[in-house]
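First comes the structure, then the notes that go with it.
Counting begins at 1 with the first residue of the sequence. Order of appearance sets the numbers: ligands from 1, and atoms from 1 within every ligand.
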Amino acid sequence: MKQSQLFGSTRRDISKEEVSKNAILLTRGGYIDKEMAGVYTLLPLAFRMAEKIKNIIREELNKLPHTSEVLMPVMQPHQLWEATGRREIIKDVMYDIKDESVGLGPTHEEVATELFSHFYNSYKQMPVAIYQMQTKFRNEPRAKSGLLRGREFMMKDLYSFHLTDEDIADYYLQVKDAYMRIFARVGLNAIYTDASGGVFTKYRSHEFQVLAESGEDEIYLNQLGDRAWNKELVNENDPEFLQFCEGVIDKRSAIEVGNIFRFDNKYSAPLNAAVTNKSGERIDVLGASYGIGITRLIGTIAEVYGDIEKSKINWPKSVAPYKIHLIELGQDLGQDMYNEIVGAIHELPAASDILYDDRDESAGTKFADADLIGAPMRIIISSRTLERESVELNGGLVKLTDLKNKLT
Ligand code: ATP
Ligand code: MG
């Protein structure tokens, strides 16, 4: 992609309204544009990241048994929420449509459970799970954290339905493992965290928390730093808690990037999502839901990999909008040279992942922009490097003939 043809640009002067690190860096880098509080356009760079993250999520979730991707409606009837008793709870969060008993979906337990009931009525068809990646709407009172807390944001939500306790417990753990793979693949160290399960279940829920100073959550880490309890669950004198952390209390700020919880028959009972068991009895199915914030992930990765003082990001390769930033210095090189160099690397899987800075700008501007755009690999071509039949790759000279090997 030629940078001169990319929609949008980096920005030096950005609105003073932005206070969060991710929003500042992503706005400066030309990744996002704010429409209003908690509502952003994903410009081409952030859009590409979102697509890469979605593909990683898909690859991992499609490995789960009985699991399919769907797209449920954003518009939901209030009556479904009245049936489950959640209308009152959700009232302040759900954006309602004027003069209609309909609102925009903040989450989809009701719709998913009703959808299930349209197709399933026998134990023979169980278990089953559906997921979607969709824009969600929530009237968040504190939408000041950029992509971390949107009023309109992208979520991956998965709902599973089971006949037995063992089966739901087993699937839950499979999703946990898939989530850990997803977060590792996008470059985040997510900590599996016990959290409260709410009033309808005896089980705890689990969150995937990423340590970050800006995080709104507080978690208590164990000694190895690989498990945590959310503060909401902790009584510092609780023997179980003290055993968990071996008495060494390490309280940290973190960002919740994912959340999984069992709700069992909370929605299936009121929405008549029952199936017959082997003895012909009708049993309310057991359900669980599993969320990942796709746009929140972009914000979290920016918080972790960004540096405000240096105005710089260094994205993990798996999610960078472009893996390679090819920067041409001096306008004398021309299209032939570009073709030759790209020719040398065009057989690589990364070939479509090259952002080519062909703009007529100074070296200083190009480098400052490249710092903000944050591609993990930077190739500089100039008459100086070409005299030696080389390019500069992440700071070191590499012969054109060796470039291909270096990039594989
Ligand atoms: P939080 O506690 O941060 O408000 P939540 O517990 O309400 O989130 P869920 O309803 O479980 O979140 O949503 C699933 C996932 O969606 C969360 O783990 C988070 O990654 C993401 N998410 C939730 N709310 C937002 C939001 N306002 N903006 C961006 N992502 C969000
Ligand atoms: Mg939460």
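- With salt bridges taken as basic N to acidic carboxylate O contacts below 4.0 Å, none links Asp358 and Lys366.
- Contacts with ligand 1 closer than 4.0 Å are made by side-chain heavy atoms of Met155 only, the backbone lying farther away.
- Salt bridge status for Glu328 with Arg359: absent, with no side-chain N to carboxylate O gap under 4.0 Å.
- Taking the six-membered ring for Trp, His162 and Tyr171 have ring centres closer than 6.0 Å.
- For His206 and Tyr179, the side-chain atoms include no donor-acceptor pair closer than 3.5 Å.
- Between Lys156, Lys136, Arg138, it is Arg138 that holds the heavy atom closest to atom 9 (P) of ligand 1.
- For ligand 1, the atoms closer than 4.0 angstrom to any heavy atom of Gly150 are 26 (C), 27 (N), 28 (N), 29 (C).
- By the criterion of a heavy-atom distance under 4.0 Å, neither the backbone nor the side chain of Glu207 is placed next to ligand 1.
- The aromatic ring centres of Phe208 and Phe183 sit less than 6.0 Å apart.
- Residue-level proximity to ligand 1 for Asp157 is absent, since no heavy atom of it falls below 4.0 angstrom.
- Residue Asn259 has at least one heavy-atom neighbour below 4.0 Å for each of these atoms of ligand 1: 6 (O), 11 (O), 18 (O).
- Pairs passing the ring-ring contact (aromatic ring centres under 6.0 Å, His included) check and including a residue from residues 25-78, sequence neighbours excluded, read Tyr31-Trp315.
- The heavy atom nearest to atom 4 (O) of ligand 1, out of those in Glu152, Glu256, Arg149, Arg151, is found in Arg149.
- For Glu140, every heavy-atom contact with ligand 1 shorter than 4.0 Å involves the side chain, none the backbone.
- Looking at ligand 1, you'll find an N or O of Gly293 within less than 3.5 Å of one of its N or O atoms.
- For ligand 1 and Gly258, the ligand atoms under 4.0 Å from any heavy atom of the residue are 18 (O).
- At least one donor-acceptor pair closer than 3.5 Å links the side chain of Arg227 to the backbone N or O of Tyr192.
- Residue pairs meeting the ring-ring contact (aromatic ring centres under 6.0 Å, His included) criterion with at least one member in residues 216-247, sequence neighbours excluded: Tyr220-Phe241, Trp229-Phe241, Trp229-Phe244.
- In terms of polar-atom proximity, defined here as any N/O pair under 3.5 Å, Thr295 makes no such contact with ligand 1.
- The shortest heavy-atom distance from Val257 to ligand 1 is under 4.0 Å.
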